[in-house]
Amino acid sequence: MKTYELFIGPQHVGITGNFSVILELEGNVVKKATPNPGFLHRGFEKLMEMRGFIHNVPIVCRICVPDPDPNEANYAMAVEKLLGIEPPPRAKYIRTIVLEFSRIASHLFTFGGHAGSIGLYTIPNWTISDRDFILDLFEMLTGGRVYHIFIYPGGVRRDLPDGFIEKAKDVLNYLEKRLDDYNKLYFDSYMFKKRARGIGIINKEDAIEWGVTGPNLRASGVKADTRKDDPYAAYGELDFEIPVLTGGDAYDRIMIRRMEVVESIKIIRQALDNIPDGPIREKVPNPMRFIVPPGDAYVKVESSKGEYGYYMVSNGKDKPYRVYIRGASMTHGIHILEKLLPGNYLADVSQIMFSLDVCPPEIDR
Amino acid sequence: MGIKNYFSPVSALKFLVKKPVTVRVPYEKKEPSENYRGFHINDIEKCIGCGNCARICPPNAIEMVPMTEYPKYKDMKVEEGKRIKKIPKIDYGRCCFCALCVDVCPSFSLKLSRERIQVETDKEAFVFIANNDVSYKDNLGYVANEKSHLLGLKPKR
Amino acid sequence: MVEGVVELIKGNFSDVEIVIPEHQEKRVHISVEKEKVKEIAKFLKDNGFRHLSFITCVDWIDEGKFELVYGLYSYEEKIVVLIKTKIDRDNPKQETLLPLWDQAQTYEREIHEMFGVYFDGNPGLTPFILEDWEGIPPMRKDFDSRKYSQITYDSEAK
Amino acid sequence: MLESFRGGKVARWFKGRSMWLLHFCTGCGAIELPPSMTSRYDLERFGIIPMASPRQADVLLITGYLSVKTLKRVITTYEQMLDPKYVIGFGSCTINGGMYWDSYATINKLDYYLPVDVYISGCMPAPDAIFAAFLELREKIEKGEANGYKLYKIHYERYKANQDKVFKNRGIIEGED
C-alpha cells in the first residue's frame with residue numbers, strides 16, 4: 001500500500017492550540033509522525049532577559065494559556081528562592097486556592113477537548129461553560145478573567161474580597177454535582193470506553209524512561225506528584241490523596257484527571273476553611289529597582305499537564321540573566337507523540353493528543 | 001456494556017426545563033467584577049507627573065506627555081522656567097491590563113475602570129491620555145488600596 | 001536524603017565540585033568537566049535518577065563560555081541533581097546524551113537552534129522552532145532582539 | 001439577482017447575519033473563543049459558527065500575537081478564503097505589538113500584512129468585547145463599508161512587499177554581518 005503524507009496543520013479543528021503534526025499514513029493507519037511546533041514562538045526567554053524582575057510578572061502567565069497560574073507561582077518561587085524569603089502563611093493558602101482552581105479549569109478544558117475529538121459535542125458545551133464560573137471567581141479575586149497577574153514575588157497582590165469564600169464554596173458544590181452529569185454522558189458512556197480504551201498505551205517502564213510527568217505518569221502506574229514530593233505553597237499542611245491508575249491508555253489518562261478534579265475540590269475546601277489571617281506579602285525590594293542576589297535556582301510546580309519547572313539564573317543585576325522554562329508538554333508533545341502515534345488510526349490522533357493534554361505554547365515558549 | 005449506560009444520555013433531557021446558563025450578552029449585560037482591570041482613569045490634578053507608571057509598565061505602553069496636550073489644559077499659561085507637568089498617555093495597542101501602574105502610583109490618582117469594550121476600525125483611536133472626564137469615570141474597578149500598593153503607601157482620604 | 005546523594009557522588013568521582021544551594025531543599029548542584037558529563041549521568045541514572053527533567057544552556061558571554069545544565073530527578077530520593085559544565089563559546093561542542101535518554105533529542109535540538117551548540121552523535125539537529133532562520137542563534141546575548149524588531153517589524157520604543 | 005435587489009441592501013443584511021468564523025487559533029486570545037462559542041455566551045445566536053476549512057469561512061480572527069511562522073500560514077489561509085472576507089484584529093498585539101513588541105519572532109502591526117476591518121482592545125478581549133466586535137462588523141457589512149478584501153487586491157504589491165520584508169533573510173539585522 002502506498003504511503004502518503006498528511007499535514008494535521010496549524011489550522012485544524014482537532015488540534016489543541018496552534019501545533020502541527022506531519023503524518024505518514026498507509027490507508028488510515030499512521031506509519032510515522034513528526035510533530036512540528038513553533039507556531040506560537042514569541043521568544044519568552046529572550047524577552048525576559050530584556051525586562052526587569054517585576055516587568056516579567058505579567059509576561060510569564062502568557063506562556064501556557066489554559067493553565068496560567070503555575071507559571072506565576074513558579075516565577076515568584078524562583079525569585080523568592082534567590083532572595084531567600086518565604087511568603088507569609090496566608091499568601092501560601094491563597095496561592096494554593098488559585099493553583100487548584102486553575103487545575104480544575106484546565107482539566108475541564110481538556111475534558112471538553114477530548115470529548116469533542118471523539119464526537120461527544122454536548123460535553124464541550126457543558127465543561128467550558130462550567131469552567132466559566134471558575135473564571136468569574138478569578139475575575140472577582142484578581143480582576144482578570146484568564147490572566148490573573150496575581151501571584152507576586154513575596155506573596156500575592158490582593159487579599160480575598162469579602163464574600164469570596166461563600167461564592168467559591170457555591171461554585172465547588174455546583175461543580176461536584178456537575179461531575180455526575182458528566183458521568184452519564186461522558187465518563188461512563190459506552191462510546192468513550194469503546195473509543196478510548198487501549199489507545200496510546202504507555203507502560204510504567206517507558207513512562208519513566210521517556211520522561212512522562214504529571215497525570216499522564218500517574219495514569220501509567222507511577223505515584224509521583226510534586227505537591228507531595230517537593231511541597232510548595234500550602235500543600236504541606238493539607239491532606240489529600242494522589243490517585244494512581246495502571247492502564248496507561250487514553251481512557252485512564254482522562255479518568256485520572258476526573259479523580260484529580262475531585263481531589264482538587266477537596267483541597268480548596270480545606271484551604272478555604274482554615275486559611276490563616278495575617279499579611280499577604282513579604283517585604284520585597286522596591287519594584288522600580290528590584291535587585292536579586294546572584295545565584296541560580298530550579299523550582300517546579302505540579303501543573304495540570306505535568307512537571308512545570310523554571311531554572312532562573314541571576315547575576316545580581318535588576319534583570320534576570322537567564323530563565324529557562326521547562327514546560328510539561330516538552331516531552332508529551334514531541335517525543336511521546338513520535339513514539340505513540342504510529343500504529344493508530346487517523347481518527348485517534350487528535351484524541352491521543354487531547355488525552356496527553358499537549359499544550360503547544362509550552363513547547364514553543 | 002449494559003443497557004443502562006446505553007440510554008444514560010437520555011438523562012440530559014432534564015435540561016430542557018432548566019433555566020439556560022447563557023448570558024444573552026448584548027441584551028443582558030454581564031457585569032464585570034468589583035475590581036475588574038479595565039480602561040484607565042487618571043485624576044490629572046492629583047497626578048504629580050512622577051513617571052513611576054511609565055517606568056514600571058512592562059509592555060512600554062505609557063508615555064509621559066506634557067499636560068498641555070490634553071485639550072482641557074491646552075491654553076494653560078506657563079510661567080517661564082517652570083516645567084510643564086507630564087501626565088501618562090496610554091497606548092492600548094500595547095497595554096496588557098496588569099494594573100502594575102495603578103499599584104506604584106504614589107498619589108493614587110491612576111485607577112482602572114470596569115469598562116472593557118472598545119471596538120475601532122482605525123488604530124490611532126487606541127492611544128489616549130488617561131483622564132477622568134470619560135463617561136465611565138464613576139465605574140471604578142481596580143483601585144490600589146493599602147494592601148495592594150507595591151510601594152507600601154497608604155491612600156490619603 | 002541530600003547527604004546520601006552527596007556521599008554517593010563524592011565516593012565515586014574525584015574532581016567534582018558539589019554545591020548545596022541555600023534556601024532550597026532537595027537540590028544538589030554539581031559542576032564537572034565537559035568530558036565527564038556522560039559518565040556521571042550514566043552513573044546517576046543507574047542509581048535511581050532515571051528522569052531527565054531538562055537540558056538547558058546559559059550564555060556567559062563575558063567569560064566566553066556556554067554553561068550546559070542537565071536536570072536529573074529521582075522518584076525514590078525525590079531530589080533534583082543539576083549537572084553543570086562549561087564549554088567553549090566559539091566552538092561549542094558537547095557529546096550527546098541520546099544513548100541514555102531518548103528525549104534528550106528534543107532538548108538538544110532546541111539548544112542547537114537557540115544557541116548553536118553542536119551535539120556530536122545526535123543525528124536529528126534539524127530546525128525545530130524557528131523556520132529558515134539565517135541570523136546568529138537568537139538566544140545568544142549578542143543578538144539584539146529589540147533592534148531587529150525595530151528594523152523588521154517597525155516597532156518603536158516609547 | 002439578490003445582489004442587485006434594492007441596491008444589495010437585502011443581500012448585505014443576510015451577509016451580516018451569517019458570518020462564519022474560521023476555526024484557526026493563531027494566538028493566545030483564542031482561549032476566549034470556546035467560552036464565547038459554547039453555551040455560556042453562545043455566538044451562534046448571531047449566526048456565527050466556527051468552520052473548519054477556509055473555503056467556507058467568511059471571518060478570519062487574528063486572536064492576539066502572530067509569530068512569523070504562523071503569519072506565513074495565515075496569509076495562505078487568507079488567500080484561500082472566498083470573497084467577501086473580513087479580518088478582525090483581536091487584542092492589543094494586533095494593534096501595536098502588545099507585550100511582545102520587541103520580540104524577534106512576532107509581528108507588530110497586523111495591517112502591514114493583512115487588511116483589518118475591526119480591532120478590539122484588550123489583552124485578551126472578554127467575550128462581551130468579542131460580541132461588540134461582531135456587531136460592529138455586522139453594521140459595517142450592512143453599510144457596505146467592510147471592504148478590506150478589496151483593498152488587499154488593490155494594494156497587493158504593498159502588502160506583498162511588507163510580507164517579503166519579514167520572510168526574507170530572517171534574523172539578519174541590516175547593517176550588521
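Order of the sequence lines fixes the chain letters, A, B, ..., with proteins taken first and strands second; residue numbering starts at 1 for each chain.
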> Is it the case that more than 12 heavy atoms not belonging to A/Tyr4 sit under 6.0 Å from its OH atom?
Replying inline: yes
>> Is D/Met124 close to chain A through its backbone or its side chain, or both, or neither, when contacts mean heavy atoms under 4.5 Å?
In response: side chain
>> Please output the residues of residues 104-126 of chain A in contact with chain D, using a heavy-atom cutoff of under 4.5 Å, in numerical order.
In response: A/Phe109, A/Pro124, A/Asn125
>> Return the CD to OG1 distance between A/Gln11 and D/Thr77, rounded to the nearest 0.5 Å.
In response: 5.5 Å
> More than 12 foreign heavy atoms under 6.0 Å from NZ of D/Lys153: is that the case here?
Replying inline: yes
> So which pairs with a foot in residues 20-39 of chain D pass salt bridge (Lys or Arg N to Asp or Glu O under 4.0 Å), sequence neighbours left out?
Replying inline: A/Arg145-D/Glu32
>> Within residues 348-365 of chain A, which residues come under 4.5 Å of chain D, heavy atom to heavy atom?
In response: none
> Side chains of A/His41 and D/Tyr65: is there a donor and an acceptor less than 3.5 Å apart?
Replying inline: no
>> side chain to side chain donor-acceptor pair (under 3.5 Å), that's the test. Do A/Asn18 and D/Lys69 meet it? Break it down for me.
In response: CA-CA 11 Å; A/Asn18 199 336; D/Lys69 203 171 181 178; over 6 Å; no
> Where along residues 54-66 of chain A does a heavy atom come under 4.5 Å of chain D, listed by residue number?
Replying inline: A/Pro58, A/Ile59, A/Arg62, A/Val65, A/Pro66
> Would you call A/Lys46 and D/Asp102 a salt bridge, taking side-chain N to carboxylate O under 4.0 Å as the test?
Replying inline: no
>> Could you measure the distance from the OG atom of A/Ser129 to the CE atom of D/Met37? Nearest 0.5 Å is fine.
In response: 14.0 Å
